[in-house]
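For reference, the structure discussed in these notes is given below.
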Amino acid sequence: MKEFKHFINGEYVASASGKTFENRSPVDNSLIGQVHEAGEAEVDAAVRAAKAALKGPWSKLTQNQRAAMLNKIADRINERFDEFLAAECLDTGKPRSMASHIDIPRGAANFKEFADSMNHPTEGFRMDTPDGKGAVNVGHRTPKGVIAVVSPWNLPLLLMTFKVGPALACGNTVVVKPSEETPATATLLGEVMNECGVPPGVFNVVHGFGPDSAGAFLTSHPLVDAITFTGETRTGEIIMKAAAVGLRNVSMECGGKNPGLVFADCDLEKAVEGTMRSAFVNCGQVCLGTERVYVERSIFDQFLARMKEEVAKLKLGRPEDPDANFGPLVSLEHRDKVKSYYDLAREEGATVEIGGGIPDMGAELNDGAWIEPTIWTGLPEDARVIREEIFGPCCHIRPFDTEEEAIELANDTSYGLACAIWTENSARALRVAEQMEVGLAWVNSWFLRDLRTSFGGAKQSGIGREGGVHGLEFYTETKNICIKL
Ligand SMILES: NC(=O)C1=CN([C@@H]2O[C@H](COP(=O)(O)OP(=O)(O)OC[C@H]3O[C@@H](n4cnc5c(N)ncnc54)[C@H](O)[C@@H]3O)[C@@H](O)[C@H]2O)C=CC1
Ligand SMILES: O=C(O)/C=C/C=C(\O)C(=O)O
C-alpha cells in the first residue's frame, strides 16, 4: 500500500491531523494507497518554506547555474522514466504507450526547454530630457516570488511541470497542489529535486482537495504572490476571487469546447486520423480535445463512416496491455459525469452513431471507470451536449455548406481554447484560422506543441498566455530603472 505525503522544505511530511484519503485505480477501482490531506498548517508550512527559500542559496544562483539545475532535473526524470511512467499510469489508467510518448517525455522537456528560454531579457530606452543630457531606462526582471501551482488530473506531470519549469527558470519558488486524483508523480518529483540539489523550500507539494482543503488554503494564503491554474472554468472563477484579495496575479488555463473544421478539400485520411486523436486520445480528457466537428456536406457521409470505422478499432485495455490504446476515465465520479452527458444526448435527440454506453470489460475490470468512445449526430446547436465541456471520449459531427457557416458555428461558444482546421488550401487555412476566436489554431494537425509558442485560451477558456517568453510576463516582475545622465 502506497502512502503519499506532502513534500515541504525538502522533506516528506505527514499531515499533523492524520487525515488521509484514498487513491483508487480507475482501471479496476482497487486501492492504490492513502494520500495525506493538507490542513492549513501544512499549507502554511509549505508557503513559508517557499518564501524563505527565495532569500536562500536559490537566489544566489546565476541564471546559468539555475538552467544547469533544471537540465539536471530533466535528465533525472528521464533516468527514472520507468518509475514516472508506472506512477502516472497507475493514477490515471492511461495506456503506457501514450504516457511514454506524451506525459513523461514532456514532463522532462518542460524543465529542459524553459531552462534555456527564460533568460531574462533586459529592455533599454534612452530618452531626451530638457537639460539635453538625457536619461536611460532599464527594464529589469526579478522573480515574482512564491507561485501557487494548482494542477489537474488529465496530464498530471505534463501540466504541472509546464508551470513549475518556467516558474523555477525565472527564479521563483513553488507550492504545487496536484489534483486529488493524481498525487503520484508530483510526489515523486520531490525526490528528483533533492537528488539534483535543488535547495529545500524551492519546490513544495501539498495534497488535498479544492474547497475547504489544500487548494483553497493555498490560493488564499497571503504569502502567495501569484497563482497558475489549469482546470475547470468554474474553479478558475473561484480561484480568481481568492486571488483578488491582495491583488495577486493569475494565469488561467481552463476548459474548452473545441471545434474541428473539416473542409472538402482536406486530405481525408489525415483529417480522420487527426480528429480521432483529438477526440479520443487520453479517453477524451484533454482540454484541447475536439468535441464538436463540422464537416463540409459533400464529404460528410464519407468522413462519418471513416470515423466510425476507426472508433470501432479502438482497443480498450489495461495500461500495460501493449495492444490497448484506450484506457478508462480518471475516476468513477468523472465516469458518472460523462455518462450523464451520454444519457442527455439521447434525451436531446442525438443519433448515437457508435458507442454511447458503458462497456462490459469482464469481471476483473468492470468496477473501473470504463466508458465507450462515442459519436453523435443530429443535435441542435443549442443542445447542452454541444455547449458544455464533457471532457470524455465523444464528439458530435454536423455538416456545413459554406466557409462562413463553418466559422460561425465553430465560434458560437463561450469557450475559446483551440481549434483544428483540415484543408489543403493554405489560403483558406489562414483565412479561417485568423477568424477563429481561440488561443490555439492548428491546421492539418492537432496538439503539435513547440514550447516556445504561446499557450492559452480566449473567452472563458482562460486568462493570460504561458509558453516560451510569454511566461516571462507572468513569472517575473518588471521594474523600470530610470537613470538620469
Ligand atoms: N485541462 C483542463 O482544462 C481540465 C478540465 N477539467 C474539467 O473540469 C471538470 C472537473 O474536474 P476537476 O478535477 O474537478 O477540475 P477542477 O477544476 O475542480 O480541479 C482542478 C484543480 O483545482 C483544484 N481545485 C478545485 N477547487 C478548488 C478551489 N476552490 N480552490 C483551489 N483549488 C481548487 C483541484 O483540487 C485540482 O487540483 C472535468 O470534468 C473537466 O470538464 C478537468 C481537468 C483538466
Ligand atoms: O501541451 C501542453 O502544454 C498542454 C496540453 C494540454 C492541456 O493543457 C490540457 O489538457 O489541459
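All figures in this text were calculated on a predicted structure; none of them were measured in a lab. Start at 1 and go down the list; that is how both ligands and their atoms are numbered.
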Discussion item. Need the ligand 1 atom indices (1-based, order shown) with element for anything under 4.0 Å from a heavy-atom of A216.
Written reply: 30 (N), 31 (C)
Worksheet item: Who's the nearest protein heavy-atom neighbour of atom 8 (O) of ligand 1, and how far?
Response: E232 CB, 3.2 Å
Worksheet item: Just by distance, with hydrogens left out, do K163 and T228 show a side-chain donor and acceptor under 3.5 Å apart?
Response: yes
Discussion item. Please verify the inter-ring angle class for H6 with H36; under 30° counts as parallel, over 60° as perpendicular, anything in between as tilted.
Written reply: perpendicular
Worksheet item: Going by the atom numbers of ligand 2, which of them fall below 4.0 Å from some non-hydrogen atom of V286?
Response: 10 (O)
Discussion item. I need the atoms of ligand 1 closer than 4.0 Å to a non-hydrogen atom of C287, numbered in the order shown.
Written reply: 1 (N), 2 (C), 3 (O)
Worksheet entry | Ligand-side contact atoms (ligand 2) for residue partner R449, heavy atom cut-off under 4.0 Å | 1 (O), 2 (C), 3 (O)
Worksheet entry | Test item: N172 side-chain N/O and L168 main-chain N/O as donor-acceptor pair under 3.5 Å | no
Fill in: F111 six-ring face occupied by R76 cation (under 6.0 Å, within 45°)
no
Item to complete: Can you sort out which atoms of ligand 2 are near E253, meaning under 4.0 Å from one of its heavy atoms?
Response: 7 (C), 8 (O), 11 (O)
Worksheet item: Does R106 come within less than 4.0 Å of ligand 2, judged by its heavy atoms?
Response: yes
Worksheet item: Can you name the closest pair of heavy atoms from T161 and L189 and give their distance?
Response: CG2-CD2, 4.1 Å
Practice prompt. Might you point out which heavy atoms bring A418 and P259 nearest each other, and give the distance in Å?
Written response: O-CD, 3.3 Å
Worksheet entry | Nearest non-hydrogen partners of A14 and K5, listed with the distance | N-CD, 4.0 Å
Worksheet entry | Spatial distance of atom CG (D75) from atom SG (C196) [nearest 0.5 Å] | 8.0 Å
Worksheet item: Is the shortest distance from a Lys or Arg side-chain nitrogen in K94 or D103 to a carboxylate oxygen in the other one below 4.0 Å?
Response: yes
Item to complete: With heavy atoms under 4.0 Å as the rule, classify the contact between C254 and ligand 1 as side chain, backbone, both or neither.
Response: backbone
Discussion item. Looking only at protein heavy atoms, which one is nearest to atom 11 (O) of ligand 2, and what is the separation?
Written reply: C287 SG, 2.8 Å
Response to the item:
for atom 44 (C) of ligand 1, nearest protein heavy atom and its distance come out as P152 CB, 3.4 Å
Discussion item. Need the ligand 2 atom indices (1-based, order shown) with element for anything under 4.0 Å from a heavy-atom of L288.
Written reply: 5 (C), 6 (C)
Worksheet entry | Over-ring placement of K144 relative to F474, 6.0 Å and 45° cut-offs | yes
Fill in: Closest protein heavy atom to atom 27 (C) of ligand 1, given as residue, atom name and distance to 0.1 Å
G210 CA, 3.3 Å
Discussion item. Using only atom types and a distance under 3.5 Å, with no angle test, would you say the side chain of N204 pairs donor to acceptor with the backbone of V174?
Written reply: yes
Worksheet entry | Among T219, V47, I147, the one residue meeting side-chain contact (heavy atoms from CB on, under 4.5 Å) with V224 | V47
Practice prompt. May I ask you to decide if P211's main-chain N or O and S213's side chain share a donor-acceptor pair within less than 3.5 Å?
Written response: no
Worksheet item: Under 30°, 30 to 60°, or over 60°: which ring-plane class applies to H207 and F4, parallel, tilted or perpendicular?
Response: perpendicular
Practice prompt. Identify, by atom number and element, the atoms of ligand 1 in contact range of I239, meaning under 4.0 Å from any of its heavy atoms.
Written response: 30 (N), 31 (C), 32 (N)
Item to complete: Using a 4.0 Å heavy-atom cut-off, say whether E180 meets ligand 1 through its side chain, its backbone, both or neither.
Response: side chain
Item to complete: Starting from atom 38 (C) of ligand 1, locate the nearest protein heavy atom and write down its residue, its atom name and how far away it is, to 0.1 Å.
Response: K337 NZ, 3.6 Å
Practice prompt. Would you please indicate if the ring centroids of F391 and W153 are separated by under 6.0 Å?
Written response: yes
Worksheet item: When you measure from the centre of the six-membered ring of F455, is the NZ or CZ of R465 under 6.0 Å away and within 45° of the axis?
Response: no
Worksheet item: In the protein, what heavy atom is nearest to atom 37 (O) of ligand 1, and what distance, to one decimal place, separates them?
Response: S151 O, 2.8 Å
Item to complete: Write out the residue and atom name of the closest protein heavy atom to atom 26 (N) of ligand 1, then the distance separating them to 0.1 Å.
Response: T235 CG2, 3.3 Å
Discussion item. Are any of the N/O atoms on T230, whether in the backbone or the side chain, positioned under 3.5 angstrom from an N/O atom of ligand 2?
Written reply: no
Worksheet item: Which of the numbered atoms in ligand 1 are below 4.0 angstrom from a heavy atom of S179?
Response: 37 (O)
Worksheet item: How does K177 reach ligand 1, if at all, at less than 4.0 Å between non-hydrogen atoms: by side chain, backbone, both, or neither?
Response: both
Item to complete: Specify side chain, backbone, both or neither for R234, according to which of its non-hydrogen atoms lie closer than 4.0 Å to ligand 1.
Response: neither
Worksheet item: If you count the atoms of ligand 2 from 1 in the order shown, which ones are under 4.0 Å from a heavy atom of L155?
Response: 6 (C), 10 (O)
Worksheet item: Just to confirm, does any protein heavy atom lie below 4.0 Å from atom 16 (P) of ligand 1?
Response: yes
Worksheet item: Among protein heavy atoms, which sits nearest to atom 32 (N) of ligand 1, and what does the distance come to when rounded to 0.1 Å?
Response: G215 CA, 3.6 Å
Worksheet item: Does an N or O from F455, backbone or side chain, lie closer than 3.5 Å to an N or O of ligand 2?
Response: no
Discussion item. Give the atom numbers and elements of ligand 1 that come within less than 4.0 Å of a heavy atom of F229.
Written reply: 17 (O), 20 (C), 21 (C), 22 (O)
Fill in: Any donor-acceptor N/O pair, N258 side chain to L288 backbone, under 3.5 Å
yes
Practice prompt. Specify whether F447 and W442 have parallel, tilted or perpendicular ring planes, treating 30° as the upper limit for parallel and 60° as the lower limit for perpendicular.
Written response: tilted
Worksheet entry | For V150, atoms of ligand 1 separated by under 4.0 Å from a heavy atom | 21 (C), 22 (O), 23 (C), 32 (N), 37 (O)
Item to complete: Decide whether the shortest distance between a heavy atom of P178 and an atom of ligand 1 is less than 4.0 Å.
Response: yes
Item to complete: For F447, take its heavy atoms, then give the atoms of ligand 2 lying under 4.0 Å from any of them.
Response: 1 (O), 5 (C)
Discussion item. Judged on heavy-atom distance to atom 40 (C) of ligand 1, which of Y415, F217, F209, F391 sits nearest?
Written reply: F391
Worksheet, complete the sentence: protein heavy-atom neighbour closest to atom 29 (N) of ligand 1 works out as I238 CG2, 3.6 Å
Worksheet item: Under 4.0 Å from any heavy atom of T230, which atoms of ligand 1 are there?
Response: 1 (N), 20 (C)
